Protein chains: 2
Amino acid sequence: MNSEDAFSQQPEPLTIARMAERTGLSADTLRYYEKAGLIEPIGRSAGNQRRYAVTDVDWVEFLLRLRTTGMSIVYMQRFARLRAVGDATVADRLALLREHRSELDERIRTLRENADALDRKIDHYERLLSPQQETDHA
Amino acid sequence: MNSEDAFSQQPEPLTIARMAERTGLSADTLRYYEKAGLIEPIGRSAGNQRRYAVTDVDWVEFLLRLRTTGMSIVYMQRFARLRAVGDATVADRLALLREHRSELDERIRTLRENADALDRKIDHYERLLSPQQETDHA
DNA sequence: CTAGAACTTGGAGTGCACTCCAGGTCAAAC
DNA sequence: GTTTGACCTGGAGTGCACTCCAAGTTCTAG
């Protein structure tokens, strides 16, 4: 509800609760990810409470994308470690991402094949339920 | 590679090791699935060893399809229980399958969206790696 | 200044889907 | 008849990704 002030570059840091709201992760999971090295050490308030930068949201959203597409935490750690090193690791990160991307294609392909097989099974059950019985208006 | 003989309807039962080979599940997992009620109690030899019927392979392959498409064991149990009851449950099984099928579509859709986002990230990294550097001939 | 909500930590607990193990039985090979 | 190997059971252990908890500290509203 307010804009960033003029002398600091942090627009407005988020508490862990707000970060949880924005990302959909629980506060516990955010701490767990940080401890696991998926998120780099978050800045703290005077009283030692985490204050997330708005840019951290983007990173967490990227992690969530990797998670959703089936990447394990071990692999995300690998990626996060490379990222923490800096620009020199861009090629490595690219390679990692390309590999994951192609596994993802394979996964989607497999799912589609299985979906087709399920469709055939569904057809089979529909035929079993006598030609014009309509149990369900789907 | 051969046909069933004329007096028994069992073409040739499989030991658990052969069943494991055919389905790709371990013997332990086959026992686990049976104990969990995913596979109905398998007939035994005189010496109490499991003898799988060839038709059991089809059922396990169906279970594997459900598993691959993300169905939990709890839901597979539900399906297996209905199946064990018999023909009266075909409509219920159909409903269960349809629901799973639509969740699967949703899942595939999500994966595709995330795949697209990953492609954009990959493009970004490729542009970072200077216009004509080729680290990788992919 | 104080009450209560939100935060901190380290560590224990959970749910899922296996996977492994010990100790025993059974069948075939020598 | 004994060795070898496949099989049996019940139950413990594993790895993953959280999730919860207790005990203490900090922040914020009144």
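Small disclaimer: the values here were computed from a predicted structure and weren't measured. Below, read A as the first sequence line, B as the second, and so on, with proteins coming before strands; counting in each chain starts at 1. Basis for what follows: all heavy atoms, side chains included, without hydrogens, waters or symmetry-related copies.
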What's the CG-P distance between Leu25(A) and dC20(D), to the nearest Å?
14 Å

Within residues 61-76 of chain A, those residues having any heavy atom closer than 4.0 Å to DNA chain C are none

Can you pull out every ring pair (Phe, Tyr, Trp, His ring centres under 6.0 Å) where at least one residue sits in residues 52-85 of chain A? Sequence neighbours excluded, please.
Trp59(A)-Phe62(A), Phe62(A)-Phe79(A)

Between Lys121(B) and Leu66(A), is there a side-chain heavy-atom distance shorter than 4.5 Å?
no

Ala27(B) meets the side-chain contact (heavy atoms from CB on, under 4.5 Å) criterion, sequence neighbours left out, with Ile16(B), Arg31(B)

Calculate the interatomic distance between Met19(B) atom CE and dA6(D) atom P; express it in whole Å.
19 Å

Expressed in angstrom and rounded to an integer, what is the separation of Tyr32(A) atom OH from dT9(C) atom P?
16 Å

Return the set of residues passing side-chain hydrogen bond (donor to acceptor under 3.5 Å, both in side chains) with Arg22(B) (not counting sequence neighbours), or none when no residue passes.
none

Atom pairs and distances, side-chain donor-acceptor, residues 32-40 of chain A, under 3.5 Å, sequence neighbours left out:
unit_1: Glu34(A); atom_1: OE1; unit_2: Arg50(A); atom_2: NE; d: 2.7
unit_1: Glu34(A); atom_1: OE2; unit_2: Ile42(A); atom_2: N; d: 3.2

Check the distance between dC18(C)'s C1' and Gln77(B)'s CD and give it to me in whole angstrom.
14 Å

Pairwise side-chain contact, Met19(A) with Val57(A), heavy-atom cut-off 4.5 Å (strictly under):
yes

In this structure, how many angstroms lie between the P atom of dC7(C) and the CG atom of Leu30(A), rounded?
11 Å

Could you state the OH-P distance from Tyr52(B) to dA6(D), rounded to the nearest angstrom?
16 Å

Under the side-chain contact (heavy atoms from CB on, under 4.5 Å) test, residues paired with Asp87(B) that sit two or more places apart
none

Quick test of your reading: applying side chain to side chain donor-acceptor pair (under 3.5 Å), list the pairs with at least one residue in residues 102-115 of chain B, sequence neighbours left out, ordered by first then second residue.
Arg65(A)-Asn114(B), Arg101(B)-Asp105(B), Glu106(B)-Arg109(B), Arg109(B)-Glu113(B)

side-chain contact (heavy atoms from CB on, under 4.5 Å) with Asp123(B): which residues, sequence neighbours excluded?
Glu126(B), Arg127(B)

Each nucleotide of nucleotides 7-15 of chain D classed B (base within 4.0 Å of a protein heavy atom), S (only sugar-phosphate) or -, in 5' to 3' order, makes SSB------

Whole-Å distance, Leu14(A) CG to dC7(C) C1', equals 15 Å

Residue mapping more 5' on DNA chain D - nearest nucleotide basis, Thr29(A) or Ser45(A):
Thr29(A)

